Amino acid sequence: MMIGILGASGLIGYNLFVFFKSNGIQTIGSYYSNKRDGLVKLNLFEDNFSIFNGCTHVVIAAGITNIDDCFRYKQEAYRCNVEKNIELIRYLADRKIKPIFLSSDQVFDGNKGNYDETEKTNPVNYYGDCKVQVEEFMRKNLKDYLILRLSKVYSRNLNDGGMFAEIFEKLRDGKKVTGAYNQIYNPTDVEIISMGIYHSINADLTGLYHLADKNIISRFEFAKNIAKEYNFNQCLIERIDFNSLPLLEKRALNSSLNVEKFHKTFTAV
């Protein structure tokens, strides 16, 4: 078994790369602009995908992930998040290499939450729309594939940055933190994602699964939990309405995922 990771310099990709390597799995990871130890440079728009030729599986974790940037630069987002991902997926399928596509909870409209894998997608932003287009291509054209929809992923390693680090560092320094009471999801430690993908490969899962922590909470509650765990001042956390934030694009507010299908499989294997 040999695993490839497209986009291995990001929070998910690099943690996954380190996890696989530490478990003795032969792994090749690519980066574009954020050079990190052990990774190979790959420009999606100029290079071919031959670095993955010896792989059995390739995790697709690259793309423009900032929702407002996808709206701001729609043409670039489409080329990167849809066209080039589909081109890679075709390349892998032709060589009988299994693609593992990391999708998002933003494929849903967020009107009700607790979405399972059978429910119809209805994205309210262009980022989610791009994810849906790739999902639909895979489901219509491939037999051996895996789509994993993720919720908001964080790392407890402050060097990784992201949501946890931002909240932790502000509270530690006695600064105010805002948390939306109506932004609801499954905040998921990146270690859970790494273990879940590892399990998925070993179990040879195929199809569509939601991979996230079981706990569904708001961003406000997430910040409160950090304050409680590390004994920070909870009064520094301001409860706000997500709709008051100055964002270019809509978000699926209650994008929480039902993860029973994946966790039942995890338990059974």
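Everything numeric here is computed off the predicted structure, so don't read it as measured data.
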Grab the two heavy atoms, one from [X] and one from [Y], that are nearest each other, plus how far apart they are.
{"X": "Asn85", "Y": "Ala62", "answer": "ND2-O, 4.0 Å"}
{"X": "Cys80", "Y": "Gly63", "answer": "SG-CA, 3.6 Å"}
{"X": "Ala8", "Y": "Phe17", "answer": "CB-CB, 4.5 Å"}
{"X": "Ala61", "Y": "Leu102", "answer": "CB-CD1, 3.7 Å"}
{"X": "Leu142", "Y": "Pro99", "answer": "CD2-CG, 3.6 Å"}
{"X": "Gly10", "Y": "Arg36", "answer": "O-NH1, 4.3 Å"}

Can you confirm whether [X] sits close enough to [Y] that some side-chain heavy atom of one is under 4.5 Å from a side-chain heavy atom of the other?
{"X": "Leu146", "Y": "Thr206", "result": "no"}
{"X": "Ile28", "Y": "Cys55", "result": "yes"}
{"X": "Tyr230", "Y": "Arg172", "result": "no"}
{"X": "Lys170", "Y": "Leu236", "result": "no"}
{"X": "Asp69", "Y": "Arg72", "result": "yes"}
{"X": "Val153", "Y": "Met163", "result": "no"}
{"X": "Leu245", "Y": "Ile240", "result": "yes"}
{"X": "Val58", "Y": "Ile97", "result": "yes"}

Going by the angle between their ring planes, with limits at 30° and 60°, are Phe164 and Tyr154 parallel, tilted or perpendicular? parallel
Return the orientation label for the Phe108 and Tyr115 ring planes: parallel under 30°, perpendicular over 60°, tilted otherwise. parallel
[X] and [Y]: side chain donor to acceptor below 3.5 Å:
{"X": "Asp129", "Y": "Gln133", "value": "yes"}
{"X": "Thr118", "Y": "Asp116", "value": "yes"}
{"X": "Asn125", "Y": "Gln106", "value": "yes"}
{"X": "Ser194", "Y": "Asn15", "value": "no"}
{"X": "Asn215", "Y": "Asn186", "value": "no"}
{"X": "Asn111", "Y": "Asn254", "value": "no"}

Please name all residues satisfying salt bridge (charged side-chain N to carboxylate O under 4.0 Å, His left out) with Glu135, sequence neighbours left out, ordered by chain then number.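 Scan of Glu135 (salt bridge (charged side-chain N to carboxylate O under 4.0 Å, His left out), adjacent residues dropped) gives Arg149.
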SB check [X] [Y] (cutoff 4.0 Å):
{"X": "Asp189", "Y": "Arg156", "value": "yes"}
{"X": "Lys98", "Y": "Asp204", "value": "yes"}
{"X": "Glu136", "Y": "Arg139", "value": "no"}
{"X": "Arg251", "Y": "Asp68", "value": "yes"}
{"X": "Glu119", "Y": "Lys112", "value": "yes"}
{"X": "Glu166", "Y": "Arg219", "value": "yes"}

How long is the span from the [atom1] atom in [X] to the [atom2] atom in [Y], to the nearest 0.5 Å?
{"X": "Gln234", "Y": "Ile226", "atom1": "CD", "atom2": "CD1", "answer": "11.5 Å"}
{"X": "Cys130", "Y": "Arg79", "atom1": "SG", "atom2": "CZ", "answer": "13.0 Å"}
{"X": "Lys21", "Y": "Gln26", "atom1": "NZ", "atom2": "CD", "answer": "7.5 Å"}

Report the C-alpha separation of Val134 and Ile60 in whole Å, then their side-chain angles, then the decisive distance to 0.1 Å, and conclude whether the side-chain contact (heavy atoms from CB on, under 4.5 Å) test is met. CA-CA 11 Å; Val134 178; Ile60 302 171; over 6 Å; no
With clusters defined by side-chain heavy atoms of hydrophobic residues (ILVMFWY) lying less than 4.5 Å apart, directly or transitively, does [Y] cluster with [X]?
{"X": "Phe20", "Y": "Val40", "answer": "no"}
{"X": "Leu16", "Y": "Ile100", "answer": "yes"}
{"X": "Ile51", "Y": "Ile25", "answer": "no"}
{"X": "Tyr32", "Y": "Ile5", "answer": "no"}
{"X": "Tyr78", "Y": "Phe137", "answer": "yes"}

For [Y], is there any backbone N or O sitting under 3.5 Å from a side-chain donor or acceptor partner on [X]?
{"X": "Thr188", "Y": "Ala212", "value": "no"}
{"X": "Asp173", "Y": "Lys175", "value": "no"}
{"X": "Glu117", "Y": "His210", "value": "yes"}
{"X": "Thr56", "Y": "Met2", "value": "yes"}
{"X": "Gln183", "Y": "Ala180", "value": "no"}
{"X": "Glu249", "Y": "Tyr126", "value": "yes"}
{"X": "Asn34", "Y": "Ser9", "value": "yes"}

Show your working on side-chain contact (heavy atoms from CB on, under 4.5 Å) between Asn243 and Asn182 and close with a plain yes or no. CA-CA 9 Å; Asn243 295 307; Asn182 53 346; 3.8 Å; yes
Step through it carefully: locate the ring centre of Phe49, locate the ring centre of Tyr91, and say whether they are under 6.0 Å apart. yes
Phe168-Phe232 aromatic ring centre distance below 6.0 Å: yes
Please report the C-alpha distance between Ile89 and Met138 in whole Å, then the side-chain angles of each, then the deciding distance to 0.1 Å, and finally whether the side-chain contact (heavy atoms from CB on, under 4.5 Å) criterion is met. CA-CA 8 Å; Ile89 290 164; Met138 295 178 75; 3.7 Å; yes
Kindly indicate, with the supporting measurements, whether the criterion side-chain hydrogen bond (donor to acceptor under 3.5 Å, both in side chains) is fulfilled by Ser151 and Asp105. CA-CA 5 Å; Ser151 189; Asp105 58 0; 3.2 Å; yes
Begin with the C-alpha distance, continue with both residues' side-chain angles, and end with the deciding distance and a verdict on ring-ring contact (aromatic ring centres under 6.0 Å, His included) for Phe101 and Tyr145. CA-CA 8 Å; Phe101 180 64; Tyr145 68 90; over 10 Å; no
CA sep, side-chain torsions, deciding dist, call: His199, Phe262, side-chain contact (heavy atoms from CB on, under 4.5 Å): CA-CA 10 Å; His199 158 73; Phe262 185 86; 3.6 Å; yes
Could you go step by step and tell me if Phe71 and Tyr127 meet the ring-ring contact (aromatic ring centres under 6.0 Å, His included) rule? CA-CA 7 Å; Phe71 177 78; Tyr127 172 75; over 10 Å; no
Dump the intermediate steps for side-chain hydrogen bond (donor to acceptor under 3.5 Å, both in side chains) on Asn48 and Ser50, then the final yes or no. CA-CA 6 Å; Asn48 61 43; Ser50 60; 2.7 Å; yes
Does NZ or CZ of Lys261 fall inside the cone over Tyr209's six-membered ring, less than 6.0 Å from its centre and within 45° of the axis? yes
Before giving the answer on salt bridge (Lys or Arg N to Asp or Glu O under 4.0 Å), spell out for Glu87 and Arg90 the whole-Å C-alpha distance, their side-chain angles and the decisive distance to 0.1 Å. CA-CA 5 Å; Glu87 184 180 329; Arg90 287 185 188 274; over 6 Å; no
